[in-house]
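Worksheet: one structure, shown below.
Just the heavy atoms: all of them, side chains too, but no hydrogens, waters or symmetry mates, feed the values below.
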Amino acid sequence: MTTASHNLAPAGTLTPSAPAEFVETARLCFEQAAKAAGGVRERSFRLGEQSVLLRFAGDRLVPLMVRALAHLEEPLGRRPDLTVCFFDSESTGTPMPPPPWSKEQYTNLGEIDGFNNGQVHVTYTPGVDILHCLDRERGLAVYWTPTFRLIPWWEQSFPLRSILNWWLQDQPFQPAHAAAVGRSSGGVLITGPSGTGKSTSTLACLGSELQYAGDDYVLIRTDPSPFVYSLYSTAKLEADNLERVPHLVSLVSNPERLDREKALIFLHEHHPQQLTSGFPIRALVIPKVTGKRDTSIETISPAVALLALAPTTTKHLLGTRRQTVEKLMRLVKKVPSYRLLAGTDLMQIPVAISNLLDRLNPSGEK
Amino acid sequence: MSTHYKINRPKVISEVFEDEVVAVNFDTGSYYGLRNTALTIWNLLEKGASTEMLTSRMTSLYEGNAQAIGEGVSEFLTQLRTHDLIAEAPANGVNADSVAIADRLGPWDPPVLSVYEDMKELLLLDPIHDVDEQGWPARKPDQVV
């Protein structure tokens, strides 16, 4: 293995510039890894209102990271707002130098106590061995893992989730644990903790007039007016729920692993015409599976909506809780909130949402 | 002697939404919903009311047994302190009677603090104990992704 040159101080003797130096060291390692792996592979994506350039050392990580973003790919050549460099040590033969922090600085959640500052954010996710580091001033992030073999299945369903969250923390954009369906004139954000019917309600809209912006994580803009941008074209369902959407079973990408993974569908590969890059948010919708046949919608307070949206979002997006909550508070004050009492006749769900959008959009624009 | 409290800012933020307050404790990652009598108490605490003022004002605002109201207020304040949402504060000269609230708000119901925790299970995760020769966390042989 080759080793990148670096000038990091030993663990425990951090200087104020150590976090930024670490990101630069990680970038240099990436460049060495790319040389060793036959060059850099670049792909560019339009995420929200920004161009994000993904650079890969060799081919190994490319399919894992770009498949869920394929519907947002743009031609190379645009000046990127954010550049993310990906490499793994096994396929490139390039190790990452020792970290400049001690093992005692890892928190339960993999953040580095006393290391992150307003400019640099680093985490090492315990159990899955993935390092994310971002220098916000440079618009530069590095993603490293010892081996591509251990990247968990869910990572390819929402690549860049953490990095985008840190990068956008001071902007009116927020990755949110929510789904979104609607028309070009406006749609709904569907949110709630896992297991409350969010994905099933969203996937029930496939084949309807409603377009699909995501079923797990989407990018919301709070100001000047609420808007939702698609991030990932993936749909995820618990295997037990597949029987409720039999028309999607043949589209599942991982049928042989459903005993340990959620069913994963890359919708742009099957329903590209139904995907949208985004639309104005007209309402927040919190689903509740009733077990009854029919579906209906009732008004709920913004507080109920916030308590459905915020905890499930901040649970997995670490390091920005205050900014995230403040943005979500602004969002729920700007749009009305509803409970979707989701019935077993799934065909009624898109009809109920379309009727709601008609009521919220009296001009009749579709 | 009557105790004064304050909302534990800046680690706690709260926002009023129509008939409910949502509070967030950023140290613990817990969210709280307060409605009805809990909302009224929170609003009075925001103004700096003491325990004595709270009990007096709640007794005048709600129909119910004064002792039960006093005990309910006291238990609720204990809950708020347990969740670190409020802290003792110096007396501030506030007269709770001056805080504008509708005259009579109906029958007394004990205040409820609804708790939503986003971090609890994550904080139970096993932290990183061991590192390899390069200083990066060592994967345990039995770790399964």
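Taking every heavy atom of both residues into account, Val22(B) and Ala303(A) meet most closely at CG2-CB, 3.6 Å. Shown here for Pro137(B) and Tyr106(A), the closest heavy-atom pair between the two residues is CD-OH, 3.3 Å. Taking every heavy atom of both residues into account, Pro99(A) and Gly135(B) meet most closely at CG-O, 3.3 Å. The two residues Trp136(B) and Pro98(A) come nearest to each other via the heavy atoms NE1-CA, 4.1 Å.
In terms of heavy-atom pairs under 4.5 angstrom with chain B, the leader among Lys333(A), Met329(A), Arg322(A) is Arg322(A).
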Name each donor-acceptor pair under 3.5 Å that joins a side chain in residues 67-74 of chain B to protein atoms two or more places apart or in another chain, with its distance.
residue	atom	partner	partner atom	Å
Gln67(B)	NE2	Glu71(B)	OE2	3.1

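Between Phe17(B) and Ser301(A), every side-chain heavy-atom pair lies at or beyond the 4.5 Å cut-off. Here the side chains of Val325(A) and Glu15(B) are not in contact, with every heavy-atom distance at 4.5 Å or above.
Heavy atoms of other residues, nucleotides or ligands lying less than 6.0 angstrom from CZ of Arg60(A) number 12 at most. The number of heavy atoms from other shown groups lying within 6.0 Å of NZ (Lys334(A)) is above 12. Within a 6.0 Å sphere centred on NZ of Lys11(B), heavy atoms belonging to other residues, nucleotides or ligands number more than 12.
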Pair Tyr31(B)-Thr314(A), side chain to side chain contact (heavy atoms under 4.5 Å, CB included): steps then yes or no: CA-CA 11 Å; Tyr31(B) 293 71; Thr314(A) 55; 2.8 Å; yes

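Of the atoms belonging to Val16(B), it is backbone heavy atoms, and not side-chain ones, that fall under 4.5 Å from chain A. For chain A, no part of Asp132(B) is nearby; none of its heavy atoms comes within less than 4.5 Å. Using a 4.5 Å cut-off between heavy atoms, Glu104(A) does not touch chain B at all.
A distance of 15.5 Å separates OH of Tyr116(B) from NZ of Lys315(A), quoted to the nearest 0.5 Å.
Residues meeting the side chain to side chain contact (heavy atoms under 4.5 Å, CB included) test with Pro146(A), sequence neighbours left out: Tyr124(A), Asp129(A), Trp144(A).
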